[in-house]
K.L.:
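I'd like to ask you about the structure that follows.
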Amino acid sequence: MRFVLRIGGSVIASPIDSVLISRYADLLKRLKTQGHDVVVIIGGGALAREFIGVAKDLGLDERSQDEVAISISRIFAQLFLQRLGELGCEAIPLTIEDTVKCLHEGKITVMGGLKPGMTTDTVAALVVEQINAELFIKATDQEGIYDKDPRKHVDAVKFEHISFDDLLHVFDEDKHKAGIHQILDPEAVKILRKGIVKVVIVNGFEPENILLAIKGEKIGTTIL
Ligand code: UTP
């Protein structure tokens, strides 16, 4: 299967979890040897947000804040690539074209952000469009999508399925800001809602959830 895996910085990078990074790398190697094609997009998590804070304190504009956060996400992608060895692409893709090239070379593609003014969710959605992926998995810090923020409301209810239209109503913040944390960026939703791919949101602290999503088993929230 050809799939795109978006790993939240909130999962592997907040704080940095080398054991989890290693487990993901082993899982990716296993999936590759089983014949799956995968592009992984990693965010910068708390470290990226810390650097965004520093950039703000220095009086730098949003664009510069984003640039700094992109660099952090690429450091995490670099760690993954080093750990994947020969199975990973030679260098981190800096453009969507690089991503396609790496995939065609039969390598596991791992990348961070691409350009200011977007999030890694949107990067992942753009990759999905470009490579005709069959599945998009977001590994995040929650069990799925809830009717309200589960960190603020104990009575929040998780959806097993949700439509793209309903999802856009769940979001209260729609505009890009450096470091914004949402379960799935509305800009990405706008691309993914074209119905090009199956979208599953899972708890990323358990890499095995990726396997379950690939097998089509009931896990997290599926967006239809
Ligand atoms: P994300 O917010 O997408 O990554 O990128 P994350 O840490 O994985 O987020 P969670 O865990 O899903 O919340 C961090 C920041 O990097 C900048 C943005 O400021 C973004 O909020 N960024 C990332 C870009 O400007 N362009 C990109 O292509 C990617």
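What you are looking at is a predicted structure, and each value in this text was computed from that prediction instead of being measured. These numbers come from the heavy atoms of this one structure, side chains and all, not from hydrogens, waters or symmetry mates.
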K.L.:
Could you pull out the closest heavy-atom pair between Ala139 and Ile210, with the gap in Å?
P.N.:
CB-CD1, 4.2 Å
K.L.:
With salt bridge (Lys or Arg N to Asp or Glu O under 4.0 Å) as the rule and sequence neighbours excluded, what pairs involving residues 23-33 come up?
P.N.:
Arg23-Glu206, Arg23-Glu208, Asp26-Arg83, Lys32-Asp37
K.L.:
Compare every heavy atom of Ala156 with every heavy atom of Pro150, then report the nearest pair and how far apart it is.
P.N.:
CA-CB, 3.8 Å
K.L.:
Taking atom CG of Leu27 and atom CG of Leu5, what is their separation to the nearest 0.5 Å?
P.N.:
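The distance works out to 8.0 Å.
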K.L.:
Within this structure, what is the OG1-CG distance for the pair Thr119 and Asp66, rounded to the nearest 0.5 Å?
P.N.:
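Output value for this atom pair is 9.5 Å.
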K.L.:
Go through it in stages, so that I can follow the logic: the residues are Glu67 and Arg63, the test is salt bridge (Lys or Arg N to Asp or Glu O under 4.0 Å), and I'd like the CA-CA distance, side-chain angles, deciding distance and then a yes or no.
P.N.:
CA-CA 6 Å; Glu67 294 279 11; Arg63 189 188 164 85; 3.6 Å; yes
K.L.:
Compare all side-chain heavy atoms of Leu126 with those of Met118 and state whether any distance is below 4.5 angstrom.
P.N.:
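In contact.
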K.L.:
Report yes if the side chains of Val38 and Leu31 come closer than 4.5 Å at any heavy-atom pair, otherwise no.
P.N.:
no
K.L.:
Would you please classify the geometry between the Phe3 ring and the His36 ring as parallel, tilted or perpendicular, with 30° and 60° separating the classes?
P.N.:
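Plane angle over 60°, so perpendicular.
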K.L.:
Tell me, do Ile108 and Phe80 make a side-chain contact under 4.5 Å, heavy atoms counted?
P.N.:
no
K.L.:
Rounded to the nearest 0.5 Å, how far does CG of Leu47 lie from CD1 of Ile16?
P.N.:
5.5 Å
K.L.:
At their closest point, which heavy atom of Ile7 faces which heavy atom of Tyr24, and how far apart are they?
P.N.:
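Result for this residue pair: CD1-CD2, 3.7 Å.
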K.L.:
So which heavy atom on Val200 is nearest to which on Ile219, and how close?
P.N.:
CG1-O, 3.7 Å
K.L.:
So which heavy atom on Ala188 is nearest to which on Ala125, and how close?
P.N.:
O-CB, 3.9 Å
K.L.:
If you apply the rule side chain to side chain contact (heavy atoms under 4.5 Å, CB included), what do you find for Ile183 with Thr221, and how did you get there?
P.N.:
CA-CA 11 Å; Ile183 197 128; Thr221 299; over 6 Å; no
K.L.:
Determine the minimum heavy-atom distance between Ser14 and Gly9, stating which atoms define it.
P.N.:
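Heavy atoms only, the tightest pair is OG-O, 2.9 Å.
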K.L.:
Side-chain contact test, heavy atoms from C-beta onward, threshold under 4.5 Å: evaluate it for Met111 versus Asp98 and give yes or no.
P.N.:
no
K.L.:
Could you list the cluster mates of Tyr146? Members are the ILVMFWY residues connected by side-chain heavy atoms closer than 4.5 Å, either directly or through other members.
P.N.:
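None; Tyr146 is a cluster of one.
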K.L.:
Could you tell me whether the side chain of Asp185 and the main chain of Thr122 form a donor-acceptor pair under 3.5 Å?
P.N.:
no
K.L.:
Identify whether Ile70 and Val127 are in the same connected component of the hydrophobic contact network (ILVMFWY, side-chain heavy atoms under 4.5 Å).
P.N.:
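Hydrophobic grouping puts Ile70 apart from Val127.
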K.L.:
When you measure from the side chain of Glu134 to the backbone of Arg2, do you find a donor-acceptor pair of N or O atoms at a distance under 3.5 Å?
P.N.:
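Checked: pair present.
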K.L.:
Does a side-chain heavy-atom distance below 4.5 Å link Thr120 with Arg6?
P.N.:
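Answer yes - side chains close enough.
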K.L.:
Can you confirm whether Lys115 is buried at NZ, in the sense that more than 12 heavy atoms of other residues, nucleotides or ligands lie under 6.0 Å from that atom?
P.N.:
no
K.L.:
For Glu129, check salt bridge (Lys or Arg N to Asp or Glu O under 4.0 Å) against everything at least two apart and list the hits.
P.N.:
Lys194
K.L.:
Hey, does Ile223 have a side-chain heavy atom less than 4.5 Å from the side chain of Leu184?
P.N.:
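The answer is yes, as the side chains (C-beta and beyond) meet within the 4.5 Å cut-off.
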K.L.:
How far apart are the C-alpha atoms of Gln142 and Arg151, what are their side-chain angles, what is the distance that settles it, and do they pass the side chain to side chain contact (heavy atoms under 4.5 Å, CB included) test?
P.N.:
CA-CA 9 Å; Gln142 292 165 37; Arg151 289 164 299 189; 3.6 Å; yes
